[in-house]
Amino acid sequence: QGQLVESGGGLVQAGASLRLSCAASGRTFANYSMAWFRQAAGKEREFVAAITGSGIITAYADSVKGRFTISRDNAKNTVYLQMNSLKPEDTAVYSCAASRYYSRLQQDYATWGQGTQVTVSS
């Protein structure tokens with residue numbers, strides 16, 4: 001997989017929604033599982049959500065389950081993260097990543113985007 005470029009971050013109030021996008025270059029996007037990770041200031045990067053290449057199977061961290069939805073459009077080489085009911089504790093840099101394997105583990109993801117900042121005020 002080639003480059004990954006995230007967009008859609010910003011500053012919102014608690015309870016608001018945001019949709020992050022991750023655009024991928026390359027012609028084999030559908031062959032890759034995609035995931036979102038996040039890293040808050042002073043904390044380690046953590047798994048948020050993952051989706052298989054077909055888009056059929058998804059996984060979520062317990063902290064976002066029921067509020068966040070990962071999806072993909074293989075025709076547009078793009079993966080999305082719809083974030084609803086945002087909380088201050090969701091504040092972090094969100095990065096997308098690509099892997100040949102469907103996984104929750106960072107070490108399984110070889111290609112990463114630069115990240116986009118999401119800040120949720122109380």
Side-chain angles (χ1 to χ4, degrees):
Q1 184 59 49
Q3 287 187 321
L4 302 175
V5 179
E6 301 97 335
S7 61
L11 171 63
V12 297
Q13 290 188 329
S17 298
L18 277 177
R19 189 177 79 157
L20 306 183
S21 299
C22 172
S25 61
R27 296 176 292 177
T28 60
F29 180 69
N31 292 342
Y32 289 80
S33 291
M34 300 295 295
W36 288 94
F37 293 84
R38 67 185 183 186
Q39 186 169 20
K43 296 186 178 181
E44 295 189 352
R45 187 162 55 189
E46 64 176 1
F47 169 78
V48 175
I51 188 167
T52 54
S54 64
I56 293 175
I57 300 174
T58 58
Y60 297 92
D62 288 344
S63 59
V64 306
K65 198 173 295 182
R67 299 187 298 122
F68 290 12
T69 302
I70 188 171
S71 62
R72 66 190 296 160
D73 185 338
N74 287 342
K76 296 182 178 180
N77 279 17
T78 301
V79 62
Y80 304 98
L81 185 68
Q82 177 67 43
M83 305 186 294
N84 298 329
S85 302
L86 282 162
K87 304 176 181 179
E89 51 263 44
D90 294 319
T91 296
V93 174
Y94 285 71
S95 300
C96 64
S99 173
R100 283 287 194 178
Y101 312 102
Y102 178 61
S103 171
R104 295 171 175 251
L105 303 178
Q106 298 180 43
Q107 56 264 38
D108 289 334
Y109 288 82
T111 304
W112 291 79
Q114 83 289 350
T116 185
Q117 177 70 45
V118 172
T119 303
V120 185
S121 64
S122 58

### Query
Does Thr78 use its side chain to pair, donor to acceptor, with the backbone of Asp73 at less than 3.5 Å?
no
### Message
If hydrophobic clusters are built by linking Ile, Leu, Val, Met, Phe, Trp and Tyr wherever their side-chain heavy atoms come under 4.5 Å apart, do Phe37 and Leu4 end up in the same one?
### Response
no
#### Entry: Close side-chain approach of Arg67 to Met83, heavy-atom, < 4.5 Å
no
### Value rounded to 0.5 Å, distance of CG in Leu81 from OH in Tyr60
7.5 Å
#### Entry: Spacing of Arg19 atom CZ and Thr69 atom OG1 [to the nearest 0.5 Å]
11.5 Å
### Query
Closest approach of Ser17 and Asn84, non-hydrogen atoms and distance?
OG-OD1, 2.9 Å
## Note on the structure
Ser25 and Gln3 have their tightest heavy-atom pair at OG-N, 2.8 Å
### Query
When Ile, Leu, Val, Met, Phe, Trp and Tyr are grouped by side-chain heavy atoms lying under 4.5 Å apart, directly or through other members, which residues fall in the same group as Ile56?
Ile57, Tyr102
### Task
May I ask you to decide if Tyr101's main-chain N or O and Ser103's side chain share a donor-acceptor pair within less than 3.5 Å?
no
#### Entry: Atom CD of Gln13 with >12 non-hydrogen neighbours under 6.0 angstrom
no
### Query
Rounded to the nearest 0.5 Å, what separation is found between the CD atom of Glu6 and the SG atom of Cys22?
5.0 Å
### Query
Do Arg72 and Tyr80 meet the cation-pi criteria used here (NZ or CZ under 6.0 Å from the six-membered ring centre, within 45° of the axis)?
no
### Query
Do you reckon Leu20 sits in the same ILVMFWY cluster as Val12, going by side-chain contacts under 4.5 Å, direct or chained?
yes
### Query
Would you call Lys87 and Asp90 a salt bridge, using N to O less than 4.0 angstrom?
no
### Message
Tell me whether the rings of Phe68 and Tyr94 are parallel (<30°), tilted (30 to 60°) or perpendicular (>60°).
### Response
tilted
### Side chain Ser99, main chain Asp108, donor-acceptor under 3.5 Å
yes
### Query
Taking all atoms of both residues into account, what is the closest heavy-atom pair of Tyr32 and Ala98, and its distance?
CD2-CB, 4.3 Å
### Gap separating the OG atom of Ser33 from the CD1 atom of Ile51, nearest 0.5 angstrom
9.0 Å
### Query
Do the side chain of Asn74 and the main chain of Gly53 share a donor and acceptor less than 3.5 angstrom apart?
yes
#### Entry: CD on Glu89 to OG on Ser122, rounded to 0.5 Å
10.0 Å
### Message
Quick check on the hydrophobic clustering: are Phe47 and Ile70 connected, directly or via other members, by side-chain heavy-atom contacts under 4.5 Å?
### Response
no
### Query
Is the backbone N or O of Thr91 less than 3.5 Å from a side-chain atom of Thr119, with the two atoms forming a donor-acceptor pair by type?
no
### Task
Measure the OG-CD distance between Ser95 and Gln39 for me, rounded to the nearest 0.5 Å.
8.0 Å
### Summary
Shortest non-hydrogen pair, Gln117 vs Val93, comes out as OE1-CG2, 3.2 Å
### Task
With the side chain counted from C-beta on, respond yes when Ser63 and Arg38 share a heavy-atom pair under 4.5 Å apart, and no when they do not.
yes
